[in-house]
Undergrad: 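The structure is given below, and queries will be raised subsequently.
No experiment lies behind these values; they were computed from the predicted model shown. The residues of the chain are indexed from 1 along the displayed sequence.
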Amino acid sequence: MKAVMAGEIQSGDVIVIRYEGPKGGPGMREMLGVTGALTGQGHSEDVVLITDGRFSGASRGFCIGHVVPEALDGGPIAALRNGDMITVDIEARQLNVALSDDEIKQRLSEWTAPAPKYTTGALAKYAKCVSTASLGAVTD
């Protein structure tokens, strides 16, 4: 959000927001603030937002959410860095990053999960036992 509000986002950029999934958020926080700011700046059609968080029906623009496995679980989204070339082909339904499988594996081998945002209480318990977004982010 800081980069969006500072006017640092340009046409053709891909924004990646991670650690917002069921475990990382915890609870899949809404990305409406970011999509609203991008829309207000005229970027609803020319900037992609990818996240392991979620979007509501009010979100607008080029949004890819609920990415699984989420970053906190060491999903490939955790390996991404500023400057990585990401392409989205809507017709082919493909999302690609210009990194080899070996490069992604190497980055993930050097990666460590951030400390939990909550270590006690209901949100800490939720983050420890919640399922992935693809399974409904439930605690059964």
Undergrad: Sequence neighbours left out, what passes salt bridge (charged side-chain N to carboxylate O under 4.0 Å, His left out) with Arg60? Give chain and number order.
TA: none

Undergrad: Same cluster for Val88 and Met85 if Ile/Leu/Val/Met/Phe/Trp/Tyr side chains link at under 4.5 Å?
TA: no

Undergrad: Considering only distance and modelled atom types, tabulate donor-acceptor pairs under 3.5 Å from the side chains of residues 133-140, sequence neighbours left out.
TA:
| unit_1 | atom_1 | unit_2 | atom_2 | d |
| --- | --- | --- | --- | --- |
| Ser134 | OG | Thr132 | OG1 | 2.9 |

Undergrad: Is there a donor-acceptor contact under 3.5 Å from the side chain of Arg18 to the main chain of Leu72?
TA: no

Undergrad: About how many Å separate CG of Asp52 and CD1 of Ile77, when rounded to the nearest 0.5 Å?
TA: 4.5 Å

Undergrad: Which pairs count as side chain to side chain donor-acceptor pair (under 3.5 Å) when at least one residue sits in residues 1-10, sequence neighbours excluded?
TA: none

Undergrad: Considering residues at least two apart in sequence or located in another chain, which fulfil the side chain to side chain donor-acceptor pair (under 3.5 Å) criterion with Ser44?
TA: none

Undergrad: Could you list the residues that satisfy salt bridge (charged side-chain N to carboxylate O under 4.0 Å, His left out) with Asp13, not counting sequence neighbours?
TA: none

Undergrad: For the atom pair OG (Ser11) and CD (Gln41), what is the distance rounded to the nearest 0.5 Å?
TA: 12.5 Å

Undergrad: Looking at every heavy atom in both Cys63 and Thr35, which two are closest together, and how far apart are they?
TA: SG-CG2, 3.7 Å

Undergrad: Taking the side chain as every heavy atom from C-beta outward, state whether Ile64 and Thr51 have any pair of such atoms under 4.5 Å apart.
TA: no

Undergrad: Checking Ile104 against Leu80 for the side-chain contact (heavy atoms from CB on, under 4.5 Å) test, could you report, in this order, the C-alpha distance in whole Å, the side-chain angles of both residues, the deciding distance, and whether it holds?
TA: CA-CA 8 Å; Ile104 293 170; Leu80 299 177; over 6 Å; no

Undergrad: What pairs with Ala122 under side chain to side chain contact (heavy atoms under 4.5 Å, CB included), at least two apart in sequence or on another chain?
TA: none

Undergrad: Sequence neighbours left out, what passes salt bridge (charged side-chain N to carboxylate O under 4.0 Å, His left out) with Arg93? Give chain and number order.
TA: none

Undergrad: Under 4.5 Å between side-chain heavy atoms, chaining through other members, with only Ile, Leu, Val, Met, Phe, Trp and Tyr counted: pull out the rest of the cluster around Ile17, sorted by chain and number.
TA: Met1, Val4, Met5, Ile9, Ile15, Met31, Val34, Leu38, Val47, Leu49, Phe55

Undergrad: What salt bridge (charged side-chain N to carboxylate O under 4.0 Å, His left out) pairs are there with at least one residue in residues 106-115, not counting sequence neighbours?
TA: Arg81-Glu110, Asp84-Arg107

Undergrad: How close do Pro22 and Tyr126 get, heavy atom to heavy atom, and via which atoms?
TA: O-CE2, 3.4 Å

Undergrad: With heavy-atom distances below 4.5 Å as the criterion, would you say the side chains of Ile50 and Val67 are in contact?
TA: yes

Undergrad: Measuring only between side-chain heavy atoms, which start at C-beta, is Phe62 closer than 4.5 Å to Ile90?
TA: yes

Undergrad: Scan for side chain to side chain donor-acceptor pair (under 3.5 Å) pairs involving residues 111-121, sequence neighbours excluded, and state none if there are none.
TA: Tyr19-Trp111

Undergrad: Can you name the closest pair of heavy atoms from Leu108 and Pro76 and give their distance?
TA: CD1-CA, 4.4 Å

Undergrad: Can you list everything that forms a salt bridge (charged side-chain N to carboxylate O under 4.0 Å, His left out) with Arg54? Sequence neighbours excluded, please.
TA: Glu30

Undergrad: Should Val68 and Val16 be counted in the same cluster of Ile, Leu, Val, Met, Phe, Trp and Tyr side chains packed under 4.5 Å apart?
TA: no

Undergrad: For residues 65-74, which residue pairs qualify under side chain to side chain donor-acceptor pair (under 3.5 Å), counting only residues two or more places apart or in two chains?
TA: Lys23-Asp73

